[in-house]
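Written below as structure tokens is the structure these notes are about.
Per chain, numbering begins at 1; letters A, B, ... match sequence-line order. Note that the structure is a prediction, hence the values are computed from the model and not measured.
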Amino acid sequence: MLGFLQGKSNDRRFCSSFSPEKLIRLCYSRIMSTAVRTRIAPSPTGAPHVGTAYMALFNLAFARKHGGKMILRIEDTDQARSTKNSEDAILDALKWLGLEWDEGPDCGGEYGPYRQSERLEMHQAAVQRLLELGHAYRCFCTPERLDALRKEQIANKETPRYDGHCLSLSQEQIQEKMDRGEPYVIRMKVPAEGECVFLDELRGEVRIDWKQIDHQIIQKSDGFPTYHLANVVDDHAMQISHVIRGEEWISSTPKHVLLYQQLGWEPPVFAHLPLLRNPDKSKLSKRKNPTGIYYYRDAGFLPEAMLNYLGMMGYTLPDQREVFSLTELAESFEIKRMSLGGPIFDIAKLKWLNGRYFREQISPDEVVDRLMNWKANKEHFSKIMGLALPRLETLSDFFPLSGHLFQESPEYKTEDLIGKSEAAEVSRLLKIAEWELEKIKHWDREQLASVFQNMAEMEEMKLKDLLRPFFFAISGSAVSLPLFDGMALLGPDLSRVRLRIALNKLSEAGSGLSKKGLKSLEKEYRSAYGKRIG
RNA sequence: GUCCCGUUCGUCUAGCCAGGUCAGGACACCGGGUUUUCAUCCCGGCAACAGGGGUUCGAAUCCCCUACGGGACGCCA
């Protein structure tokens, strides 16, 4: 099973002299010769993200174009944050979009298992081998020492980097510490001199000084590998030919190239795609933009329009067609056509495209079916009916009462949101709620209720008074169906965006939180409510 | 702060690799037409090669510098 670790004899050249030129030649030859296998490697630590879908789309298109396969691998080496819940959601969300993989934890394949936590043996064997070859070493430094070191380096305007403290430990000292049961991590050795040159399919040669590269931890004290080690070991074992991933990885690619070299393996071809951006050009983040795939599903977007839109972020078909399917994209896909400037995710254009799908791509009957599968179905109506029934006099009261549960977001006036309270105070409460809601594990009525009840106590307010602005934020009215049930039905993605919209309305009215105000609120929040999550 | 990556209309982009068209299309916006309203649809308009230097008869395109933007610098991925 661990035969892959041996490295084939023709890979020897990687162990000895390893000039940049050689590496580049090898990269080129690799492009021509190998069966194409790409992968998408999400970490199951949160809600399914559009960035994941974006990368998956181009990995799939590339694989399809070249008659290859795309693999889905779950990167769950962070035991503290990974959840099965998140894993299931990611798979489900990608499938909703119509993205399919040839091998993965759900459908199996020849190169399994497809969950990194189940490949621990391989990772540890690779670490062991690096240790034996002298390419890696144990480090006993405490987090406190590392923290102090980092602070000092930042203060001295140096690049934060491990100082090699444990490199000088003798064999006896190491043994002694291990016998005492001192926790340790394993770090990779990085050349002190020279530069790493690697080839990026889209950018050509990239050169980074080894001085810039940290002695990266490859195995944590819990015995789990870090991303850097695990992704190299798994990509090699799964025979990944092309690593197509986000630009954020460029600066750690030297670590990966070095690991391939030290293990005597041939590296894959690297292609770093641009990152999706917020309207302010920063990396797409949920604080500024809906980033959850489920947001778009729940707000009534069509999966094929969504995928089509992602396909036009950074890419144009040769004939500049703007409506196209995954199949059409894959047929003509040319990775070199990717443009490298980070595209801003523009919901207005997505909406226009989605509208075109209704008008041109699917029949009116089909639209009716989509609508019914979405929210106009018995199951969903029944859930709402439980809340609406006591408030109904005629059937026609139902839709006005529940309209906000079918909208992307309701409309209301900022002054109504503020009401008789202070605008700044409303901002404050909305922000605290936003943070508190991050802590919810299961988005249901009970947990939502307890968040707000807790808040009322902390703020020494009547629940009724606390909730008033939230009724507006969520339903657009002071009179509505019960708040917690409504939020539960809307789901976390839609609900959170509504709170953010309310916050934005206040700041547009000049009553939002300033940067300073936000900072002090955060401090106050931490001391009263505890640490923030997310 | 250090390093890396990037930069064509407000936004998504074509053109760049193989220098030579009024720098093309789409969204948004503005105006007009069709439509009982609105939307759709059609027509028109606005609007960009970040700046500077070089190479060249000729530069959005090739080279260099600057500026700006982004990313990375975790026992996260």
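Interatomic distance, CD1 of A/I90 versus CD1 of A/I74, reported as 5.5 Å (0.5 Å rounding).
The heavy-atom pair separating A/M238 from A/Y114 by the smallest distance is CE-CD2, 3.7 Å. A/L273 approaches A/R203 most closely through the heavy-atom pair C-NH2, 4.1 Å.
As rounded to the nearest Å, B/G54 and B/C42 have P atoms that lie 48 Å from one another. Rounded to the nearest Å, the gap between the P atom of B/U61 and that of B/C43 is 34 Å. B/G58 and B/G53: their P atoms are spaced 14 Å apart (whole Å). B/C4 and B/A48: their P atoms are spaced 33 Å apart (whole Å). A distance of about 16 Å separates the C1' atoms of B/C27 and B/G45, rounded to the whole Å. Across B/C30 and B/U56, the matching P atoms stand 49 Å from one another, rounded to whole Å.
Among the atoms of the strands shown, only primed sugar atoms or phosphate atoms (P, OP1, OP2) are found under 4.0 Å from some heavy atom of A/P343. Using a 4.0 Å heavy-atom cutoff across all strands shown, A/R73 reaches no nucleic acid atom at all. The residue A/G355 sits apart from the nucleic acid: no heavy atom pair falls under 4.0 Å. Nucleic acid contact class of A/R277 (heavy atoms, under 4.0 Å, all strands): sugar-phosphate only. At a threshold of 4.0 angstrom between heavy atoms, the contacts of A/R81 include nucleobase atoms, whether or not backbone atoms are also involved. Note on A/T77: only backbone sugar-phosphate atoms sit closer than 4.0 angstrom, heavy atoms only; bases stay farther off. Among the heavy atoms of the strands, none lies under 4.0 Å from A/S252. Contacts of A/Q320 with the nucleic acid, taken as non-hydrogen atoms under 4.0 Å apart, include base atoms.
You'll find that the side chain of A/S251 is closest to B/A72, out of B/C5, B/C75, B/A72. Nearest to the side chain of A/I217, among B/C4, B/C75, B/U11, sits B/C75. The listed nucleotides are B/A14, B/A28, B/A77; the one nearest the side chain of A/E248 is B/A77. With B/C4, B/G69, B/U40 as the candidates, the nucleotide lying closest to the side chain of A/R359 is B/U40.
A close approach under 4.0 Å does occur between a side-chain nitrogen or oxygen of A/R337 and OP1 or OP2 of B/G15. A/T45 has no side-chain polar atom (N or O) that falls below the 4.0 Å cut-off from OP1 or OP2 of B/A77. A/K220 has a side-chain polar atom (N or O) that falls below the 4.0 Å cut-off from OP1 or OP2 of B/C76. The phosphate of B/A77 has neither OP1 nor OP2 within less than 4.0 Å of any side-chain N or O from A/K283.
Side-chain contact of A/N231 with A/E75: a donor-acceptor pair under 3.5 Å is absent, judged by distance alone.
The backbone N or O of A/K211 lies less than 3.5 Å from a partner atom in the side chain of A/R161, making a donor-acceptor pair.
Residues A/P143 and A/S282 both approach RNA chain B. Their nearest nucleotides, taken by heavy-atom distance, put A/S282 toward the 5′ side.
The only option from A/Y111, A/Y260, A/W265 that meets the ring pair (Phe, Tyr, Trp, His ring centres under 6.0 Å) definition with A/H236 turns out to be A/W265.
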